[in-house]
Colleague: 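Would you mind keeping the following structure in view while I ask a few things?
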Amino acid sequence: MLGEGNVAHTAMSGKGTTPGDDPLQTAVWRLRSRACWADAAALLEPRAEHDAGAALQRAALLVERCLYTEQGWAEAEDALRTAEALAHDDTERGAAACERGQLAYAATLHGVRDRADEARAALGRAAALIAPGAPGRALLDFRRGLLAENLARSPQAARAAYRRAHAGAAAHDDPLLLSFTWRHLAGLALRDGELAEARHGFAESLRIREELGYLVGTAPALASLAEAEGEPEASRLRAEARRLFRLLGGVPTWLAAQLAPPPPAATA
């Protein structure tokens with residue numbers, strides 16, 4: 001689960017996933033869920049030049065693309081600067097800082113450049129701007145958990161942050177974010193040898209993603225559940241994850257190593 005962890009700005013999470021949603025959001029969601037972030041961002045571009053919300057959503061999509069594909073860094077930076085310039089209140093400034101922290105985290109995680117200090121500072125700034133209990137706070141807590149788990153190597157702090165994020169996502173009816181918190185809490189449980197807890201969390205994450213049609217997140221969910229299952233179920237789950245991974249052109253990139261087939265057995 002090293003690379004996964006971005007959920008775009010809470011204002012867009014879940015939008016477009018149910019009948020009756022704004023047609024633009026529905027189109028953006030369908031493209032995003034199929035790993036077509038650039039196409040989704042292009043739909044928002046006309047609005048993003050003057051509308052803070054659209055600019056932030058566009059930046060979040062392009063930041064997410066960086067995390068999943070390890071490409072598009074300059075475009076994400078440009079979009080984020082536009083969103084930061086258009087932000088006019090604490091909520092928007094806090095959400096932009098949260099995306100800034102996520103971009104710096106992704107760059108550090110993928111070895112593009114060590115921006116860990118920038119990531120911590122940006123998420124700290126977001127925490128000062130986004131009020132406790134506000135819709136964007138759950139996403140912020142989740143991302144602080146990612147830093148704690150993958151950069152600071154502090155599973156205890158990560159678990160506390162993920163639990164806050166999980167409660168916030170449930171309170172604000174954000175199923176996509178719940179799929180992430182379930183999965184990352186399950187990963188920590190698996191590390192601690194709590195197989196039943198891990199299996200339950202991974203299964204919940206997979207269920208939500210399948211219900212939402214979040215195709216780009218389904219292969220990681222299948223691969224994670226395989227880690228907590230015995231044979232032959234584990235092999236079946238990995239095979240399905242490989243199929244989806246190939247279907248999406250090898251995205252997310254960081255899943256390749258986890259899905260690599262085992263080497264052939266040596267013969268005498």
Side-chain angles (χ1 to χ4, degrees), residues 1-8 10 13-14 17 33 64 67-68 102 105-106 109 135-245 248 251-252 254-259:
M1 292 189 300
L2 188 61
E4 193 191 37
N6 188 52
V7 181
T10 302
S13 294
T17 62
S33 65
E64 186 168 81
L67 186 68
Y68 278 74
Q102 182 69 0
Y105 164 77
L109 193 72
R137 191 74 185 203
L139 175 58
L140 172 60
D141 284 335
F142 177 69
R143 289 177 171 173
R144 295 177 97 176
L146 292 175
L147 259 68
E149 180 179 7
N150 295 322
L151 300 188
R153 307 297 178 189
S154 175
Q156 248 186 330
R159 183 179 288 105
Y162 292 150
R163 284 175 175 166
R164 290 194 301 272
H166 192 81
H172 291 285
D173 192 25
D174 189 342
L176 184 58
L177 183 52
L178 276 174
S179 83
F180 282 84
T181 54
W182 271 122
R183 183 165 175 268
H184 282 261
L185 284 167
L188 293 177
L190 184 64
R191 179 185 298 182
D192 291 341
E194 301 291 342
L195 275 180
E197 183 180 342
R199 193 177 298 118
H200 174 71
F202 289 142
E204 283 297 295
S205 178
L206 176 61
R207 176 187 63 78
I208 292 170
R209 292 177 183 199
E210 288 179 335
E211 288 177 357
L212 291 175
Y214 188 52
L215 193 62
V216 73
T218 301
L222 287 163
S224 290
L225 182 56
E227 295 297 315
E229 292 284 3
E231 296 295 351
E233 181 65 6
S235 291
R236 185 193 70 79
L237 291 166
R238 288 192 186 96
E240 178 62 11
R242 286 189 197 100
R243 185 187 71 81
L244 289 175
F245 181 70
L248 292 175
V251 175
W254 42 263
L255 196 58
Q258 189 176 348
L259 291 180

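In what follows, residues are counted from 1 in the order of the sequence shown. Fair warning: this is a prediction, and the values are worked out from it, not measured in the lab.
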Colleague: Under a 4.0 Å threshold between the charged nitrogen and the carboxylate oxygen, would Arg199 count as salt-bridged to Glu233?
Modeller: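 Arg199 and Glu233: not salt-bridged.
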Colleague: Given 3.5 Å as the limit, does a donor-acceptor pair link the side chain of Glu64 with the main chain of Tyr68, or not?
Modeller: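 No: the side chain of Glu64 does not pair with the backbone of Tyr68.
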Colleague: What's the shortest heavy-atom distance between Ala221 and Ser205, and which atoms?
Modeller: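 Looking at all heavy atoms of both residues, the closest pair is CB-OG, 4.4 Å.
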Colleague: Answer yes when Arg207 and Glu211 have at least one side-chain N-carboxylate O distance shorter than 4.0 Å, and no when they do not.
Modeller: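 Judged by the 4.0 Å cut-off on N to carboxylate O distance, Arg207 and Glu211 do form a salt bridge.
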Colleague: Any sub-3.5 Å donor-acceptor pair from Arg209's side-chain atoms to Gly217's backbone N or O?
Modeller: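 Yes.
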Colleague: Any heavy-atom pair between the side chains of Leu146 and Gln102 that's under 4.5 Å?
Modeller: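 Answer yes - side chains close enough.
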Colleague: Should Leu188 and His184 count as side-chain neighbours, where that means a heavy-atom distance under 4.5 Å?
Modeller: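 No, side chains not in contact.
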Colleague: Are there more than 12 heavy atoms of other residues, nucleotides or ligands under 6.0 Å from atom CD of Gln156?
Modeller: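 Atom CD in Gln156 is not packed in, count stays at 12 or less.
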Colleague: Is there a side-chain contact between Pro220 and Pro252 in this structure, where contact means two heavy atoms from C-beta onward sitting under 4.5 Å apart?
Modeller: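 They are in contact (side-chain heavy atoms under 4.5 Å apart), so the answer is yes.
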Colleague: Minimum heavy-atom separation for Thr181 and Leu178, please, with both atom names.
Modeller: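 Heavy-atom minimum between the residues: OG1-O, 3.0 Å.
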Colleague: Quick check against the 3.5 Å criterion: does Arg137 have a side-chain atom that pairs as donor or acceptor with the backbone of Gly168?
Modeller: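 Such a contact is absent between Arg137 side chain and Gly168 backbone.
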Colleague: So, do Ser179 and Leu212 sit near enough that their side-chain heavy atoms are less than 4.5 Å apart?
Modeller: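 Result no, sub-4.5 Å side-chain heavy-atom pair not found.
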Colleague: Could you check whether any side-chain heavy atom of Leu109 comes within less than 4.5 Å of a side-chain heavy atom of Leu67, counting everything from C-beta outward?
Modeller: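 A side-chain contact under 4.5 Å exists here.
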Colleague: Can you tell if the side chain of Arg243 reaches within under 4.5 Å of the side chain of Leu222, non-hydrogen atoms only?
Modeller: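 No, too far: nothing below the 4.5 Å cut-off.
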Colleague: Mind checking whether Phe142 and His166 have side chains closer than 4.5 Å, heavy atoms only?
Modeller: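 A side-chain contact is absent here, since even the closest heavy-atom pair is not under 4.5 Å.
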Colleague: Under 4.5 Å between any side-chain heavy atoms of Glu227 and Gln258, yes or no?
Modeller: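 The answer is yes, as the side chains (C-beta and beyond) meet within the 4.5 Å cut-off.
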